[in-house]
Amino acid sequence: MIKKTITFDLEVHEDDSSMSTEDQALLSSARSALERAYAPYSNFRVAAAVKLSNGEVVEGTNQENAAYPSGLCAERVALFAAKSRYPDAAVESIAIVTHHEELSSPVAPCGACRQVILEYQTNQKPAIHFLLSARKGTVYTLSDARSLLPLHFSKEDLKKAP
Ligand code: THU
């Protein structure tokens, strides 16, 4: 038996002021999209802003439905919209925010969104940069989608079956 330990790096910023202008702008795009969330059932608004290698920024918000599982998280709304529109552009960064004023720790993407984000990262060279925050306050940054989903399922696994 061998024991393996998986670790990852996370940067914790007290607020936006210690971040690059580009990161501040992406967070601000995500925060301004929060008003467009459709979350009448959970009242938990989430928005994501995706920065692409062609310079475009595509925003998405969570979209709920009376048939609950039919709704979709903000991250996937943003990424699917971005990749439908610009399939050849790489995803450079994604900012994910909630409508809460300030949280003791920012929310992180759900498991299904992590899987989707990682698939796009696997298809491109650069790793994806993450910015996680609320309307203001603490910002977590991460620089690789793999750290959010160790031992993930990928297209390589599909080839393992006989
Ligand atoms: N939600 C997101 O949009 N992104 C996440 O990563 C976690 C959860 C949404 C889904 C649902 O509309 C609401 O937040 C409550 O779960």
Side-chain angles (χ1 to χ4, degrees), residues 6-16 19 22-52 56-87 89-124 126-154:
I6 299 170
T7 60
F8 71 95
D9 291 326
L10 172 74
E11 279 184 8
V12 181
H13 297 252
E14 239 175 76
D15 55 35
D16 293 17
M19 315 197 53
E22 205 179 314
D23 283 354
Q24 287 183 19
L26 197 63
L27 273 171
S28 152
S29 296
R31 287 176 178 143
S32 54
L34 282 167
E35 309 311 320
R36 303 195 295 274
Y38 178 63
Y41 305 104
S42 71
N43 288 316
F44 192 88
R45 292 168 176 259
V46 185
V50 173
K51 174 85 190 294
L52 299 172
E56 295 288 338
V57 171
V58 179
E59 294 154 1
T61 57
N62 56 331
Q63 299 296 313
E64 297 184 350
N65 194 277
Y68 291 1
S70 305
L72 199 60
C73 292
E75 297 89 324
R76 276 175 287 161
V77 170
L79 282 163
F80 291 159
K83 294 299 275 189
S84 304
R85 201 148 173 217
Y86 307 107
V91 176
E92 288 185 347
S93 312
I94 180 166
I96 303 164
V97 299
T98 62
H99 73 285
H100 292 283
E101 274 301 295
E102 204 161 350
L103 301 167
S104 49
S105 58
V107 285
C110 78
C113 288
R114 293 176 194 209
Q115 180 72 28
V116 167
I117 296 167
L118 191 46
E119 170 116 2
Y120 291 133
Q121 179 176 298
T122 309
N123 290 344
Q124 63 186 42
I128 298 176
H129 180 59
F130 287 74
L131 307 165
L132 311 176
S133 189
R135 248 190 223 288
K136 59 180 188 190
T138 310
V139 184
Y140 283 180
T141 68
L142 294 155
S143 55
D144 191 334
R146 281 177 303 183
S147 56
L148 287 178
L149 200 59
L151 303 179
H152 74 286
F153 185 82
S154 75

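All of these numbers come straight from a predicted model, not from anything done at the bench. One-based numbering, in listed order, for ligands and for the atoms of each.
By the 4.0 Å N-to-carboxylate-O rule, Arg135 lies too far from Glu102 to be salt-bridged with it. Ion pairing between Lys83 and Glu56 fails under the 4.0 Å rule for side-chain N and carboxylate O. Using a cut-off of 4.0 Å between Lys/Arg side-chain N and Asp/Glu carboxylate O, Asp16 and Arg31 are scored as salt-bridged.
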Practice item. For Tyr140 and Ser105, run side-chain contact (heavy atoms from CB on, under 4.5 Å): C-alpha distance rounded to whole Å, both residues' side-chain angles, the deciding distance at 0.1 Å, then the answer. Key: CA-CA 8 Å; Tyr140 283 180; Ser105 58; 3.2 Å; yes
Would you mind writing out a table of all protein N or O atoms found under 3.5 Å from any N or O atom of ligand 1, naming both atoms and giving the distance to 0.1 Å?
from: ligand 1; atom 1: 3 (O); to: Ala74; atom 2: N; distance (Å): 2.9
from: ligand 1; atom 1: 4 (N); to: Glu75; atom 2: OE1; distance (Å): 2.8
from: ligand 1; atom 1: 4 (N); to: Glu75; atom 2: OE2; distance (Å): 3.4
from: ligand 1; atom 1: 6 (O); to: Glu75; atom 2: OE1; distance (Å): 3.4
from: ligand 1; atom 1: 6 (O); to: Glu75; atom 2: OE2; distance (Å): 2.7
from: ligand 1; atom 1: 6 (O); to: Cys110; atom 2: N; distance (Å): 3.1
from: ligand 1; atom 1: 12 (O); to: Asn62; atom 2: ND2; distance (Å): 2.9
from: ligand 1; atom 1: 12 (O); to: Glu64; atom 2: OE2; distance (Å): 2.5

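In terms of modelled atom types and a separation under 3.5 Å, the side chain of Glu11 and the main chain of Thr141 share no donor-acceptor contact.
Screening residues 109-122 for side chain to side chain donor-acceptor pair (under 3.5 Å) gives Gln121-Asp144 as the qualifying pairs, with residues at least two apart or on separate chains.
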